[in-house]
*Asks:* 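Input: one structure, supplied below.
Sequence lines set the chain letters: A, B, ... in the order given, protein chains first and strands last, and positions in each chain run from 1. In this text the structure is predicted, and so the values were computed from the model without any measurement.
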Amino acid sequence: MIKVIVNGKPLEVKKETTIADLLSHYKISPKVCAVERNGEILERNEYLRIMVKEKDIIEIIRMMGGG
Amino acid sequence: MIKVIVNGKPLEVKKETTIADLLSHYKISPKVCAVERNGEILERNEYLRIMVKEKDIIEIIRMMGGG
Amino acid sequence: MIKVIVNGKPLEVKKETTIADLLSHYKISPKVCAVERNGEILERNEYLRIMVKEKDIIEIIRMMGGG
Amino acid sequence: MIKVIVNGKPLEVKKETTIADLLSHYKISPKVCAVERNGEILERNEYLRIMVKEKDIIEIIRMMGGG
Amino acid sequence: MKRDILTIAKRKFDSRLLLGTGKFSSPNVMKGAIAASGTEIVTVALRRIDLNDPKDHILGYINSKKYLILPNTSGAKNAEEAVRLAKIARSFGLPAWIKLEVTPDPRYLFPDPIETLKAAEILVKEGFTVLPYINADPILAKRLQDAGCATVMPLGSAIGSAKGIKTKENIAIIIEQSIVPVVIDAGLGTPSHAAEALEMGADAVLINTAIAAAENPVEMADAFRLAVMAGRKAYLAGMISEADMARASSPLHL
Amino acid sequence: MKRDILTIAKRKFDSRLLLGTGKFSSPNVMKGAIAASGTEIVTVALRRIDLNDPKDHILGYINSKKYLILPNTSGAKNAEEAVRLAKIARSFGLPAWIKLEVTPDPRYLFPDPIETLKAAEILVKEGFTVLPYINADPILAKRLQDAGCATVMPLGSAIGSAKGIKTKENIAIIIEQSIVPVVIDAGLGTPSHAAEALEMGADAVLINTAIAAAENPVEMADAFRLAVMAGRKAYLAGMISEADMARASSPLHL
Amino acid sequence: MKRDILTIAKRKFDSRLLLGTGKFSSPNVMKGAIAASGTEIVTVALRRIDLNDPKDHILGYINSKKYLILPNTSGAKNAEEAVRLAKIARSFGLPAWIKLEVTPDPRYLFPDPIETLKAAEILVKEGFTVLPYINADPILAKRLQDAGCATVMPLGSAIGSAKGIKTKENIAIIIEQSIVPVVIDAGLGTPSHAAEALEMGADAVLINTAIAAAENPVEMADAFRLAVMAGRKAYLAGMISEADMARASSPLHL
Amino acid sequence: MKRDILTIAKRKFDSRLLLGTGKFSSPNVMKGAIAASGTEIVTVALRRIDLNDPKDHILGYINSKKYLILPNTSGAKNAEEAVRLAKIARSFGLPAWIKLEVTPDPRYLFPDPIETLKAAEILVKEGFTVLPYINADPILAKRLQDAGCATVMPLGSAIGSAKGIKTKENIAIIIEQSIVPVVIDAGLGTPSHAAEALEMGADAVLINTAIAAAENPVEMADAFRLAVMAGRKAYLAGMISEADMARASSPLHL
């Protein structure tokens, strides 16, 4: 198991967990969010490839109502 | 001949001139004007009947653009 | 005794009561008020002379703060 | 003779002319102006010592009405 | 959406824009502007015919079956002159509606409150439907309403000044207290002025110079039509109130 | 009538009303208001997903083929945070347009001129189409234009204050000097405020609170749509100027 | 400097500040404010004495040799009541000056133009010096002047509202046309409002609530005294006009 | 009454009126106006001496022991030029105070926020007491305060425009948030404008054109002196607030 921080909260996930897995875990469609890892924005078409690492800080961002 | 004032100007007309005759003289359709004689407004259906008299003061009024 | 109305309230006074007496009764200086009897304003120098009569309606008015 | 520019205009002065001499030439009191040479502001107590050099660009500045 | 109707003296109107017909460069431009404005009430003035040149009469350009012709008493300097003009207007055979204007001073064309009330009382008794033009005076507005006038028509600012509603405080009180429709009558120079009048709760506006003297009167008439609709819709849809602090439109925290 | 087009960064729009999507009571009300407003550009904010409740995403309610989605950087307190948000927005795969907002103080949400310019310079270099929200500061507006921004978006008054255009003098100068479109961005509380902005020559307005927080947002959106059309039409049709004396609309002499 | 005198009905005054005496927290505070204001005319109201408590009379606090006592007809709802109050006031033996107020509606206390004119005509005939309180109605002001009133006293905004001069356009016309002094009477809430009235050319102002209800009425009276002097001096000293372009105060080129 | 002191950078002043010296018709008129205004701080500009006519220097007319001479950087189009002018000013041997103005565009003379902050940061480091002229931008004002400026000087409206405080909303926020004194710097055309600034809580005003270009500058200076005192006194004495309903000043019932 590895420990990461997602949207400010600690989470333990299995090794070899991809970003896509993570989104799937939260039931978030990859099409309606952006993902930032350690301050770096990830390309959507890489989600299946990129694996989370110990101590990663992940931000999952959505669009919402705003002026 | 009798002398009348029409819209501020003197005019001589034959005896037995009706209001209708007067309007006709000026080429004014009775439908688009009002006629006042000596401060009294005349009914449109009386134009054929009413004759102008010596010293009558006639005002012929139209509608025009206004706010 | 005679019955009068002073500033909206009934009052009984002795016969031959003057306006001056009335003011004195209320401890009002004649110099700082105006007196109206039955809608008629009384001259200040008549207060000693004028007597109230049965059913008189008396108004005693003062000046006060106003804009 | 050396050539300098004073307040945008060319001027020829003798060698060994000091800033004080220059102000004196124009009848300007050192107390009511500031002097800049080649973009550098000169101290007032140096005017007697500092000599102008060939191609110097001199600005003599005064205070005037302003908001 | 329910039809939103303006009722004046029991007559019903869909449009809340009254249009004045003065100052148009030509009758055809006027006709175009009337159509583009969507108005149902057009005002006209009464004047002596020029006997040397009894030109086109305005009635040839306005279908009095489609539009309510509302003659005004412009030029009247007192109650007597206004009553005379109203009676002349009536003799044209149109509905006996009259826009009552009594303006003794030609410089600013402000209405005379005393003579206006006097004329209104006479004309109401004579059976006229009276729409008086007044200063934004709440007490006068109330008295004219009590005298039987069909509307009150307070001015926003001086006729033709295009300054908009300079009398906002008083107009707001007139709107609040009135049972008859309130029509803002003078000084509205732009569509935003007209929209603001409706937003405040005025029932209608009367526009003339701002349309007739625009560079393109027909397009301007359309602009006012839209603005009057916008202002009315906003009034009905419940506007937000002013606030002294900012109200974030986006959520405040990331 | 020739089509009247608003061009921002070479993209063409028929509507001059940009609509913010904050504060609507429900997604369906928002959807209705977007349709009624006639807008072609809708702004959105970016926030962390709530992992316990990854609710409906707003993009499900807005057809991004039909509307240009304009993400904002609301919440950014400095240039760095704004740049980060812009990049996150871009990763959604939408056109790289960004409404740049840098507001260090949450009480009034006024923009920071220094950080806004800094962020704009970075974002323009990175290929973004940048629409910065600014105080009504003519010099800053000029600098942002020179830095390659696609518009300038000066505020009329504080966000959500509904006070209208309180910065009229400065806005007029910004409009006069600008080559890029000028969009009035905050403080417009009523359709008449929006109409006035267009009448002044602003190219567009951005509305959010005034519609979203109205009693009836869909009707209010329609009212703003009409008002924006009215204001623009009036601007093009040549309004009359203000006058200090009355201008009679009826002929002066009887 | 030549003495700058205000003349009302041939009586001369140095001060252009009339002070109302309502709403003071105590007679002594009132006395202090009267002194600090520099006023020479103080208004008072007339009311029934409370027979159960015939308290201090206000005249004990105001030296009627030093100050002109100006009774008002406040409370009058029509001409008849106003005339009655004026006559009662006269019977106090003071100069027969009257501030004429006819206010049928207690909510906003706006004056009735018809009843005010009627009362003014009667009172002038009876020998009173009449100072009528009116809406900012230029035609009414003219009629009251013609009827022999000693001043006209148009309101700036509703009594006690502190909104300042909301009726600027009309007040300016009243000032321009009037031969008698123009006193701005209601709604002035701050010294800057008072200064502005004098700058516009008004001859004087009447202040009550803004002083009496201030936290420190005596200091506020002094502030108004200074502001009235400032406004008057500025009027006489020839103010600059507004400009649309900047006018550099420093020379433009280095 | 306790002395009411204005403290700028630890220096104490009794007067809250700063006076600009541009545009006076003669040095003697300027001298008279300075005296009449009661000011303790006078601003001056820096320019090349005209070598063909090295006229009277302004310092001959202003006693720099009595008045603080505050040179400005007018004419500077960027930070560098402003810093240069500040240094030249300092070489005159007066206290190192500088009114910082950076105005790239001569038409409206609006200040550049970016260059002003940059110059302020440099000058504060160099030991100057910096009083920056700015647009009424609350965030910029805060940043300049944080950078160590001795005041902030937001503009009321464009320099010399005489339009008064057109930026009221923003000025109010700047006043609320500022620790350093707030001096309203441009656009004040009349004493009532100046009084209003002080009433709002501004610490001082800077006046130039409105006095120098008046018909009678000396009397106008006196008028401004009185108005500034009036406004300040009113601020301290606790003004009444605005009300939407009338507040009777006389008792309501007869």
*Asks:* Assess whether side chain to side chain donor-acceptor pair (under 3.5 Å) is satisfied between E:Tyr108 and G:Glu169, documenting all intermediate values.
*Replies:* CA-CA 11 Å; E:Tyr108 299 106; G:Glu169 321 284 316; over 6 Å; no
*Asks:* Between G:Asp105 and G:Lys77, is the closest basic N to carboxylate O distance under 4.0 Å?
*Replies:*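 G:Asp105 and G:Lys77: not salt-bridged.
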*Asks:* Using a 4.5 Å cut-off on heavy atoms from C-beta on, say whether the side chain of G:Ile98 contacts that of G:Leu70.
*Replies:*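 Counting from C-beta outward, G:Leu70 and G:Ile98 never come under 4.5 Å.
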*Asks:* Quick one, E:Thr116 and E:Tyr133 - any side-chain contact, counting heavy atoms below 4.5 Å?
*Replies:*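 No, side chains not in contact.
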*Asks:* Below 4.0 angstrom, N of the basic side chain to O of the carboxylate: do E:Lys118 and E:Glu80 qualify?
*Replies:*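 Salt bridge: no.
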*Asks:* Looking at G:Lys142, G:Gln177, G:Lys163, which has the largest count of heavy-atom pairs under 4.5 Å with chain E?
*Replies:*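 That would be G:Lys163.
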*Asks:* Counting heavy-atom pairs under 4.5 Å to chain E, which of G:Lys166, G:Lys168, G:Arg143 comes out on top?
*Replies:*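 So the answer, after comparing G:Lys166, G:Lys168, G:Arg143, is G:Arg143.
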*Asks:* Can you tell me which of E:Pro104, E:Pro113, E:Ser157 forms the most heavy-atom pairs within a distance under 4.5 Å of chain G?
*Replies:*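 Ranked by heavy-atom pairs under 4.5 Å with chain G, first place is E:Pro113.
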*Asks:* Taking side chain as everything from C-beta outward and backbone as N, CA, C, O, which of these in E:Ile114 sits under 4.5 Å from a heavy atom of chain G? Side chain, backbone, both or neither.
*Replies:*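 Its backbone and side chain both get close to chain G.
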*Asks:* With a strict 4.5 Å heavy-atom criterion, list every residue of residues 179-216 of chain G that contacts chain E, or say none.
*Replies:*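 Residues qualifying by a heavy atom under 4.5 Å from chain E are absent, so none.
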*Asks:* May I ask you to test the G:Ser74-G:Arg47 pair for a side-chain heavy-atom distance under 4.5 Å?
*Replies:*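 Yes, side chains in contact.
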*Asks:* Checking G:Asn135 against chain E: side chain, backbone, both or neither under 4.5 Å from a heavy atom?
*Replies:*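 When you check distances to chain E, only side chain atoms of G:Asn135 fall under 4.5 Å.
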*Asks:* Taking atom CZ as the centre, does E:Phe24 end up with more than 12 heavy-atom neighbours from other residues, nucleotides or ligands that are less than 6.0 angstrom away?
*Replies:*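 Correct, the count exceeds 12.
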*Asks:* Can we say E:Arg107 and G:Glu176 salt-bridge, meaning some charged N sits less than 4.0 Å from an Asp/Glu carboxylate O?
*Replies:*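 Salt bridge flag = yes for G:Glu176 with E:Arg107.
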